[in-house]
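Side-chain atoms are counted along with the backbone in the values below, which use heavy atoms only and exclude waters and symmetry mates.
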Amino acid sequence: MVIKSEYLIFGQTIKVKYSRTLIKRQNAFGIWEYNKNKITLQQSTREYPLTKEQIESTFVHEMVHCCLDLMGEQELSTNEKFVHAYGNLMHQFIKQNE
């Protein structure tokens with residue numbers, strides 16, 4: 001799976017950035033910032049080694065937040081149990097059908 005630096009969805013350009021310090025600052029592998037149309041992912045570092053699959057799964061999880069928010073489903077977007085399950089399902093689907 002290739003994670004591009006930009007996506008167009010719902011007429012919005014979504015930027016994808018990497019951070020070496022996201023986990024220290026946000027205690028997360030990824031964040032979606034609705035007001036900035038930006039997904040930030042923790043980069044694999046010596047201190048925080050992440051597998052390609054962990055980064056991909058995190059990206060899909062954040063993209064689920066993005067889609068739900070852009071659909072006007074902010075309440076569903078805050079349901080981490082749903083986002084986690086749906087994100088994992090979508091990641092598996094993408095990986096198995098590449």
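Considering only heavy atoms from C-beta on, L41 stays 4.5 Å or farther from L50 through its side chain. By the 4.5 Å heavy-atom criterion applied to side chains, L68 and Q74 are not counted as neighbours. At least one side-chain heavy atom of M63 sits under 4.5 Å from a side-chain heavy atom of Y7.
Residues P49 and S44 approach most closely at CA-OG, 3.5 Å, considering heavy atoms. Shortest non-hydrogen contact noted between E62 and G30 is OE2-O, 3.0 Å.
With sequence neighbours excluded, the residues satisfying side-chain hydrogen bond (donor to acceptor under 3.5 Å, both in side chains) with K52 are E56. For Y34, there are no ring-ring contact (aromatic ring centres under 6.0 Å, His included) partners two or more places apart in sequence or in a different chain. In this view, E53 satisfies the salt bridge (Lys or Arg N to Asp or Glu O under 4.0 Å) rule with no residue, not counting sequence neighbours. Take N88 and apply the side-chain hydrogen bond (donor to acceptor under 3.5 Å, both in side chains) test, not counting sequence neighbours, and it matches S57, H84. Every residue two or more places apart in sequence or in another chain was checked for a ring-ring contact (aromatic ring centres under 6.0 Å, His included) with F29, and none qualifies. Residues passing the side-chain contact (heavy atoms from CB on, under 4.5 Å) test with T45 are R20, Q42, E47, Y48, sequence neighbours excluded. The side-chain hydrogen bond (donor to acceptor under 3.5 Å, both in side chains) search around S77 returns H65, D69, not counting sequence neighbours. E75 meets the side-chain hydrogen bond (donor to acceptor under 3.5 Å, both in side chains) test with no other residue; sequence neighbours excluded.
Separating the CD1 atom in I94 from the CD atom in E98 is a distance of 8.0 Å, to the nearest 0.5 Å. A distance of 12.5 Å separates CG in N97 from CE in M1, rounded to the nearest 0.5 Å. With values rounded to the nearest 0.5 angstrom, S19 atom OG is found 9.0 Å from Q26 atom CD.
If you chain together ILVMFWY residues whose side-chain heavy atoms come under 4.5 Å of each other, I31 ends up grouped with L22. Grouped by direct or indirect side-chain proximity (heavy atoms under 4.5 Å, Ile/Leu/Val/Met/Phe/Trp/Tyr only), V2 sits alone.
Residue pairs meeting the salt bridge (Lys or Arg N to Asp or Glu O under 4.0 Å) criterion with at least one member in residues 78-94, sequence neighbours excluded, do not occur.
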Inset, instruction - Applying side-chain contact (heavy atoms from CB on, under 4.5 Å), run through H91 and F59 and close with a yes or a no. - result: CA-CA 9 Å; H91 181 242; F59 167 72; over 6 Å; no
Inset, instruction - Please step through side-chain contact (heavy atoms from CB on, under 4.5 Å) for the pair I55 and T51, ending with a clear verdict. - result: CA-CA 6 Å; I55 295 169; T51 66; over 6 Å; no
Side chains of residues 9-18: which donor-acceptor pairs under 3.5 Å do they make with residues two or more places apart or in other chains?
{"residue": "Q12", "atom": "OE1", "partner": "N37", "partner atom": "ND2", "Å": "2.8"}
{"residue": "K15", "atom": "NZ", "partner": "E6", "partner atom": "OE2", "Å": "2.7"}

